[in-house]
Structures are given as C-alpha cells and as structure tokens.
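Input: a single structure, listed below in structure tokens.
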Amino acid sequence: MSVLGRVSAAIGCAALTVLAQAVPVTPVAAEDDAADCAAERATRYVVLFDRGTPEDDAGTRARDACGDLTGYYPEIAVGVVTSADPRFTDRMGPGRAFSAQAERRAAGGAGNATSPRGERSVPVSSTRATLDPTDPGAIPATDRTDEQWDMAMIGADRARAVSGGSADVVVGVLDSGIDARHPDLADAVEPALSAGCLSGVPDTTEDAWAPTTSVHGTHVAGTIAAADDGAGVTGVAPGVRLASVKVIDDRGRVDPEAVVCGLMWAARKGFAITNSSFAVEPWALSCAQTEQREVVREALARATSYATSAGVLNVAAATNESVNLSPSPEGRATARSSGCDSLPAGLRDVVAVSAVDDGGVKAGYSSYGLGVVGLAAPGGDSGRCVLSTVPGGYDSLCGTSMAAPHVSGVAALLASARPDRGVRELRTALERQADPISCPTDYDLTGDGTQDAYCAGYTAYNGFYGHGMVDALAAVRGGTVTSAAG
C-alpha cells in the first residue's frame with residue numbers, strides 16, 4: 001500500500017513525550033498537550049532523528065508526535081513519516097521534519113517542477129499525457145550515431161573502439177523511469193536492481209520504476225548506455241548496466257524523501273555511480289535560508305555521504321537556472337545578491353556538471369559556480385540539442401540534465417577499467433583527465449554589450465567548467481588525451 005494511502009496509526013495518540021535518544025523538543029501549548037491527535041489530510045514528511053536512533057525508537061517518537069513511521073534508514077537516521085495532524089512538525093520539534101506535499105498545498109497549487117525536457121523549472125498542469133507502451137519493432141533501425149556531436153566532443157565515439165565498459169558496473173539512473181522495452185536499452189536495464197522511490201521507500205515492481213508520463217529518464221539512460229549495435233544511438237558506456245530508480249513523479253516533481261530512498265537503494269545494492277538530472281522540490285533553486293530547507297539539505301547530505309562511503313560516485317546536473325552557485329563567505333551559494341542553493345548538485349559528495357553547447361561554450365541556461373561545478377559536458381543549446389533514446393524512438397533535448405549523464409558514462413568507463421578504484425580515486429581520475437577550458441574573454445551571448453555571466457577561476461579550474469570537459473577517450477586509455485571537439 002502506498003504511503004499516500006496509509007492512514008496514520010497515531011490517531012488518538014497521547015501527549016508528546018521526549019525519548020532518551022532524541023533531542024529535546026519545544027513543547028506545544030498546554031491546551032494542545034492534552035488534546036488527541038488531529039485527523040485531517042494525511043501528509044508525508046522526511047524526518048531527521050539523532051544519529052544512531054534505532055528504528056523502534058524512531059517509530060515511537062513518530063507516534064508520540066502523531067505520525068506513522070512508514071520507512072526508516074537507520075544508517076543515516078532519516079525516516080519517512082505520514083501524519084494527519086497539521087501540528088506534526090511542531091510536535092517533532094524545530095529542524096526535524098519537512099513535507100514537500102504540505103509546502104505545495106500551502107502554495108495553493110502544484111508549484112514548480114523539473115521539466116521533463118530538461119529545461120528551466122516551469123509550472124506544470126494537474127494532468128499529463130500517459131506514455132504509450134513502446135513497440136520495439138516499430139522503432140527505426142537507422143544508425144544515427146553520426147548525429148551525436150556530443151559523443152565526438154568528449155571522445156566517446158573513439159573510446160568505444162577501446163572499451164564500452166563492463167557489465168559488472170551498474171549506474172543508477174535516479175530519474176522518471178527508464179523504458180526497458182526500448183531496443184537500445186533492453187539489454188542494459190537490470191530489473192532486479194530497479195525500484196520506484198516516490199513514496200520514500202523502495203518498490204521493486206516494474207510499474208513502480210517504469211516511466212509513465214516523462215521521457216526524461218529514458219533520454220538520460222540512452223546517453224549513458226544505449227547499445228552499440230549499429231542502430232539508433234550509442235551511449236558513452238554501452239557495455240555497463242543500468243538501474244531505473246524512479247524519483248521524479250508524474251508531474252515532474254522530486255520530493256526529498258524520494259531522493260533519500262534512491263541514494264540509499266544505490267548504496268545497499270552496490271551501484272558504482274548514480275546520476276541525478278534534477279533539482280529537489282519544492283525549490284528548483286532555494287534562495288531562502290529557512291529551517292525547512294536545512295532539514296532537506298541535511299537529509300540529502302546524510303544520504304549522499306553514506307552512499308559515497310559505500311562506494312557510490314554521485315553525479316548531478318548543475319540545474320538550468322543560469323545562476324552562480326558559488327559558496328559565499330558564509331558557506332552558502334550566491335545568485336546575484338541572494339543566497340541560493342541547488343540540491344543535490346550543491347552537496348559536497350556530489351560531482352556537479354555544467355552544460356556546454358556544440359561550440360564548447362557554457363550554455364546560457366546552465367548554472368555555474370567556482371567551488372560547486374566539478375566538470376563540464378555537452379548539454380546543447382540554440383537549437384542543437386543532444387540526441388538520445390525516448391520511449392517509442394529518439395529525440396533531441398537540451399539541458400544540464402543531458403550533460404550529467406555524459407559524466408556518469410565516463411565514470412562508468414573508468415570504474416570498468418579499474419574496479420579496484422575507490423570513489424575518491426574515481427573522482428580524481430575524472431578531474432585529472434578532463435580537458436581544461438579557459439574562462440571566455442567575452443560572455444555576451446545576446447550581443448547587447450552586457451556580460452551574461454562572470455567566470456571566476458583559471459584555466460585548470462573555474463566556475464563555468466570546473467576541471468574541464470569530461471574525456472571518455474582518456475578514461476579508457478588511462479591517460480590524459482585531448483578529445484576532438486565538434
């Protein structure tokens with residue numbers, strides 16, 4: 001039964017109590033202490049507990065706050081709780097709980113969501129078209145690899161002659177689901193390692209991890225590992241396996257508990273790499289230093305840190321908001337005069353990827369930032385986008401969502417060549433083998449005489465491109481090789 005459909009087991013629970021292993025909470029008003037739990041609309045929360053809190057204690061604490069613990073990750077002490085009491089967050093105490101569902105309801109609508117086309121976050125309607133099942137026989141077998149300028153730019157077309165990667169390497173695509181019926185992906189997708197995480201807990205049924213309304217995840221998957229079979233397109237690492245981990249819902253939204261679930265699933269299942277081409281809701285870009293945002297950041301930081309310690313390299317898109325994500329002196333990111341942050345790209349244990357156009361220049365939509373962006377990769381712009389798989393065929397999309405899977409694919413090649421590498425070694429190899437790109441002397445994309453963004457840093461490391469363009473050919477050769485751009 002889904003989390004949304006579960007009725008809180010806390011109806012009629014007693015007054016708030018403080019557990020020995022929990023941080024003391026601020027008591028609610030005296031008249032509330034004696035009141036029973038309210039029963040309004042069931043809402044899902046991501047909840048932080050003290051590290052080391054056993055599941056039973058977390059469940060008791062949730063019940064005492066009028067909630068029902070529906071999922072728990074003891075390794076990081078993060079739980080998923082449903083509650084029908086609107087005072088749940090107050091009962092848990094400050095800095096403990098957050099609900100993206102409640103935030104959207106308070107905003108009076110669906111809010112902003114990650115566009116399935118990898119573009120800027122846009123309002124979405126309440127209904128979306130359902131994807132038709134793919135008929136493998138109806139997909140044209142024409143070889144379209146000559147249209148993949150992006151693969152030539154990073155040397156992936158030449159790297160395949162050396163190695164396409166190993167089936168022992170699994171890349172978790174945290175996204176909107178992968179179409180496993182697509183002939184370019186059928187042999188790559190591993191159903192036994194796939195799961196839906198929309199409820200905050202893994203569901204391994206195919207319906208839970210297959211795409212329903214969005215082509216986004218299938219497009220990302222094709223860039224990583226579409227088959228090298230002389231038909232359609234070919235991915236950066238066609239020999240590796242993919243796991244579909246669904247974290248983007250049917251309206252394009254990404255709730256924090258879904259991402260925590262996806263990262264923990266990746267860690268527990270031994271994935272080598274995860275790709276996150278999204279920004280966590282309800283903020284595509286958060287520019288407010290709020291207690292609620294800090295709950296989300298902490299939950300995701302715990303999950304990414306744990307995944308990293310378990311041997312998972314986490315790659316994420318820098319987002320398409322065209323803002324400077326550089327940390328401020330206070331330790332937060334900056335966008336003009338506001339402190340802004342994008343998750344998961346802004347987390348320490350994540351390789352953030354900016355997008356370049358077919359000329360190798362930072363795409364106008366791509367966010368950037370010294371100290372945040374680690375690498376650059378093709379994302380397309382100005383009508384020349386990235387061709388990849390979509391349910392029912394192929395399509396070209398632009399965005400940092402398209403750039404990140406190029407890096408994930410190259411990381412998979414590196415992991416295939418040296419399976420003994422740890423996460424730190426893998427990340428270092430990616431950075432050292434990248435082709436450095438200097439800051440542009442003139443970044444006036446509109447020709448109005450005004451710089452559209454400012455690039456800080458130097459050739460070997462700067463805010464637009466990080467350590468430079470990811471290099472697939474260098475990854476399979478084991479050295480630093482300059483790829484052809486085109």
Side-chain angles (χ1 to χ4, degrees), residues 75-76 154-156 158-174 187-190 192-194 221 223-225 227-228 234-243 245 262-276 302-316 344 347-353 374-375 377 404-436 460-461 466-483:
E75 304 95 328
I76 60 173
I154 67 169
R158 292 176 288 158
R160 289 194 294 270
V162 181
S163 173
S166 168
D168 292 333
V169 173
V170 178
V171 181
V173 180
L174 277 58
D187 291 337
V189 178
E190 182 56 68
L193 296 177
S194 298
T223 297
I224 298 170
D228 184 10
T234 302
V236 177
V240 306
R241 289 184 295 159
L242 301 172
V245 184
L263 291 167
M264 296 302 292
W265 177 261
R268 291 173 174 178
K269 295 299 178 179
F271 297 176
I273 297 134
T274 64
N275 186 93
S276 297
R302 289 187 190 183
T304 54
S305 178
Y306 180 79
T308 299
S309 70
V312 184
L313 177 71
N314 302 296
V315 177
L347 296 173
R348 177 181 179 181
D349 291 305
V350 172
V351 179
V353 183
L375 292 163
H406 288 86
V407 174
S408 295
V410 174
L413 293 177
L414 283 167
S416 298
R418 283 281 304 278
D420 57 324
R421 277 192 176 112
V423 173
R424 181 173 296 180
E425 291 178 291
L426 188 59
R427 182 168 184 169
T428 299
L430 275 171
E431 295 169 350
R432 288 181 177 174
Q433 293 179 358
D435 297 331
Y461 183 64
H467 295 274
M469 183 79 71
V470 69
D471 194 328
L473 188 55
V476 296
R477 286 185 172 174
T480 301
V481 179
T482 301
S483 301

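Since we're looking at a predicted model, the values are computed, not measured. Numbers here simply count residues along the sequence, with the first being 1.
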Please tell me if the side chains of [X] and [Y] come closer than 4.5 Å, counting only heavy atoms from C-beta onward.
X      : Y      : result
Val170 : Val240 : no
Phe271 : Val245 : yes
Thr274 : Val315 : no
Pro238 : Arg160 : yes
Thr223 : His406 : yes

Shortest non-hydrogen separation from [X] to [Y] and the atoms involved:
X      : Y      : value
Ala237 : Ala225 : O-CB, 3.5 Å
Ala472 : Ala159 : O-CB, 3.7 Å
Val423 : Val312 : CG2-N, 3.5 Å
Val351 : Arg427 : CG2-NE, 3.6 Å
Ile76  : Tyr306 : CG2-CB, 3.6 Å
Ala267 : Ala310 : CB-CB, 3.8 Å

Greater than 12 external heavy atoms within 6.0 Å of Asp187's CG: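 Result for CG/Asp187: open.
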
Full working for side-chain contact (heavy atoms from CB on, under 4.5 Å) between Val470 and Leu430: CA-CA 7 Å; Val470 69; Leu430 275 171; 4.1 Å; yes

Point-to-point distance, once rounded to the nearest 0.5 Å, from [atom1] of [X] to [atom2] of [Y]:
X      : Y      : atom1 : atom2 : answer
Asp228 : Thr234 : CG    : OG1   : 4.5 Å
Arg302 : Leu347 : CZ    : CG    : 13.0 Å
Asn314 : Leu263 : CG    : CG    : 5.5 Å
Asp435 : Asp471 : CG    : CG    : 4.5 Å
Leu313 : Asp349 : CG    : CG    : 10.0 Å
Gln433 : Leu375 : CD    : CG    : 11.0 Å

Worked check of side-chain contact (heavy atoms from CB on, under 4.5 Å) between Met469 and Ile154: CA-CA 7 Å; Met469 183 79 71; Ile154 67 169; 4.2 Å; yes

Audit row: Arg268, Glu75, salt bridge (Lys or Arg N to Asp or Glu O under 4.0 Å) steps and yes/no: CA-CA 10 Å; Arg268 291 173 174 178; Glu75 304 95 328; 3.0 Å; yes

Quick check against the 3.5 Å criterion: does [X] have a side-chain atom that pairs as donor or acceptor with the backbone of [Y]?
X      : Y      : value
Arg241 : Ala167 : yes
Trp265 : Gly172 : no
Ser416 : Gly165 : no
Ser408 : Pro405 : no

side-chain contact (heavy atoms from CB on, under 4.5 Å) between Ile224 and Val236, intermediate numbers included: CA-CA 5 Å; Ile224 298 170; Val236 177; over 6 Å; no

